[in-house]
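Working notes for the structure below.
Since the model is a prediction, treat every value here as computed from it, not as a measurement. Computed over heavy atoms, backbone and side chain alike; hydrogens, waters and symmetry mates excluded. In what follows, chains are A, B, ... by sequence order, proteins preceding strands, each numbered from 1.
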Protein chains: 2
Amino acid sequence: MSIDVGARLRSVRTTFGLSQRELARRAGVTNGLISLIEQNRVSPSVSSLKKVLDGIPMPLAEFFTLDLNVAPQAFFGADELVELGNPEVSLRLVAAQRNGRQLTVLHERYAAGAATGEDMLAHRGEEAGVVIRGRIELTVGGATRVLGPGEAYYFASQLPHRFRNVGREACEIISACTPATF
Amino acid sequence: MSIDVGARLRSVRTTFGLSQRELARRAGVTNGLISLIEQNRVSPSVSSLKKVLDGIPMPLAEFFTLDLNVAPQAFFGADELVELGNPEVSLRLVAAQRNGRQLTVLHERYAAGAATGEDMLAHRGEEAGVVIRGRIELTVGGATRVLGPGEAYYFASQLPHRFRNVGREACEIISACTPATF
DNA sequence: TCATGGTGTTTAGGATCTTAGACAAGGAAG
DNA sequence: CTTCCTTGTCTAAGATCCTAAACACCATGA
């Protein structure tokens with residue numbers, strides 16, 4: 001069976017929340033090609049595979065390094081969470097490896113006054129979370145609400161959304177999103 | 001220009017002292033294909049490239065990880081030499097990375113009575129070295145000689161050769177070979 | 001000088017990859 | 001129910017890869 005490029009590509013693509021057509025557009029190839037590669041109906045040339053991975057983006061070396069059926073790490077110490085964000089909005093990822101994961105959990109922390117940005121976010125997938133400290137203003141679609149400790153949210157990510165800490169203290173949230181687009 | 005698979009392959013192949021035909025034979029492809037790939041006249045399919053690398057052998061991930069024009073490490077501490085051999089014949093490599101190196105230097109150590117094997121060795125390339133401790137019996141082609149500290153050797157590796165420590169103490173040699181076949 | 005055996009390169013043609021476009025299935029909105 | 005948009009799949013035709021065989025070159029040796 002020799003390396004199963006197809007499964008690797010499908011895993012990576014879905015992990016990044018891309019459709020075959022969207023990835024094809026970014027990569028400058030056709031969606032049909034991606035379909036064929038993922039079914040192992042063809043063995044792509046290195047140049048094609050590179051074009052496809054550039055659309056992710058992911059280097060060839062990392063692609064071939066991926067271990068698909070790795071025994072997944074089940075427990076993570078506080079210092080094993082990967083820090084992603086900035087001083088204003090800190091995102092600490094639970095399982096940062098770019099494996100075939102569909103679900104990512106984050107420990108988010110918003111400084112007083114911090115927000116996810118000026119514009120609304122919108123992408124594929126779903127998001128949900130629980131506020132554990134402070135107060136956060138969440139706008140989803142046309143609705144806005146301020147959530148406090150113990151309160152929670154869930155929405156489809158294609159709805160325009162935005163988080164903003166309107167309180168005076170930092171706000172912490174434990175959240176999950178799927179697929180792993182962040 | 002996008003990754004230059006050709007230069008990588010040529011570098012790896014020559015580093016391992018293989019001709020295009022010999023690698024092709026091991027890989028189950030034609031020598032012409034290897035020539036075309038090395039000239040970047042084609043971008044091989046992943047399956048072909050995998051077959052070729054299996055003939056080295058080298059995994060795909062390592063192949064794409066190779067950094068061709070890496071700023072080379074110039075200095076190596078004693079603990080940075082990679083140990084390769086067995087208790088009888090110890091080989092400590094100076095620059096173990098499988099990069100585009102044509103030359104490899106080793107610190108060899110033969111225990112009393114140890115030898116490179118029952119049979120004579122014969123492969124492409126050249127070898128040379130200097131004995132720094134003990135005494136070693138070296139056979140090259142039809143000639144045999146015992147070398148002591150300060151004495152040295154040089155020969156083409158295609159000549160059948162064999163090292164044997166005929167003394168009572170361990171023998172150490174600093175040697176070089178090119179290409180990096182060992 | 002000619003033969004032999006090694007190297008890497010080239011080329012025509014068959015095999016495979018890649019594209020463009022059509023197809024079917026599923027949801028969402030009217 | 002349509003209509004529209006999304007998804008992934010499939011298929012013929014064109015582009016590219018890959019093979020088999022020949023080629024040119026350089027050694028070594030009779």
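The distance between atom CG of B:Asn31 and atom C1' of C:dT11, rounded to the nearest whole Å, is 13 Å. As rounded to whole Å, 9 Å separates atom P of C:dT7 from atom CZ of B:Arg13. Distance CD (B:Glu38) to P (C:dT7): 13 Å, rounded to an integer number of Å. If you take NZ of A:Lys51 and C1' of D:dA15, they are 11 Å apart, rounded to a whole angstrom. If you measure from atom CD of A:Gln20 to atom P of D:dG8, you get 4 Å, rounded to the nearest angstrom. Distance, B:Arg25 CZ to C:dT7 P: 11 Å, rounded to whole Å. In this structure, CD1 of B:Ile37 is placed 10 Å from P of D:dC17, rounded to the nearest angstrom. The separation between A:Ile34 atom CD1 and C:dC17 atom C1' is 14 Å, rounded to whole Å.
Of the residues B:Val29, B:Asp54, B:Leu60, the one that meets the side-chain contact (heavy atoms from CB on, under 4.5 Å) test with B:Leu49 is B:Leu60.
Across all strands, A:Val42 comes closer than 4.0 Å to base atoms (heavy-atom distances). If you check every strand for non-hydrogen atoms under 4.0 Å, A:Leu36 touches a base. At the heavy-atom level, B:Ser35 lies under 4.0 Å from base atoms of the strands shown.
For A:Val29, counting side-chain heavy atoms from C-beta on, the closest listed nucleotide (C:dT19, D:dC17, C:dT18) is C:dT19. Nearest to the side-chain atoms of B:Arg41 among the listed nucleotides D:dT19, C:dT18, C:dT10 stands C:dT10. Listed nucleotides D:dT19, D:dC23, D:dC17 differ in distance to B:Arg21; the shortest reach to its side chain belongs to D:dC23. When the nucleotides C:dT9, D:dC18, D:dT11 are ranked by their closest atom to the side chain of B:Ser48, D:dC18 comes out on top.
Between B:Gln39 and C:dG8 there is no side-chain polar atom (N or O) within less than 4.0 angstrom of OP1 or OP2. Look at B:Ser19 and you'll find a side-chain N or O under 4.0 angstrom from OP1 or OP2 of C:dT7. Taking side-chain N and O atoms only, B:Ser45 has a distance below 4.0 Å to OP1 or OP2 of D:dC18.
With rounding to the nearest 0.5 angstrom, the CZ atom of A:Arg26 is 8.5 Å from the CD1 atom of A:Ile56. Distance CD/B:Glu62 to CZ/B:Arg8: 11.0 Å, rounded to 0.5 Å.
Across the interface with DNA chain D, nearest-nucleotide mapping of B:Leu33 and A:Leu33 shows A:Leu33 to be the residue nearer the 5′ end.
A heavy-atom distance below 4.5 Å is found between the side chains of A:Val46 and B:Phe64.
Ionic pairing of A:Arg133 and A:Glu169 is present here: one or more N-O contacts between side-chain nitrogen and carboxylate oxygen are shorter than 4.0 angstrom.
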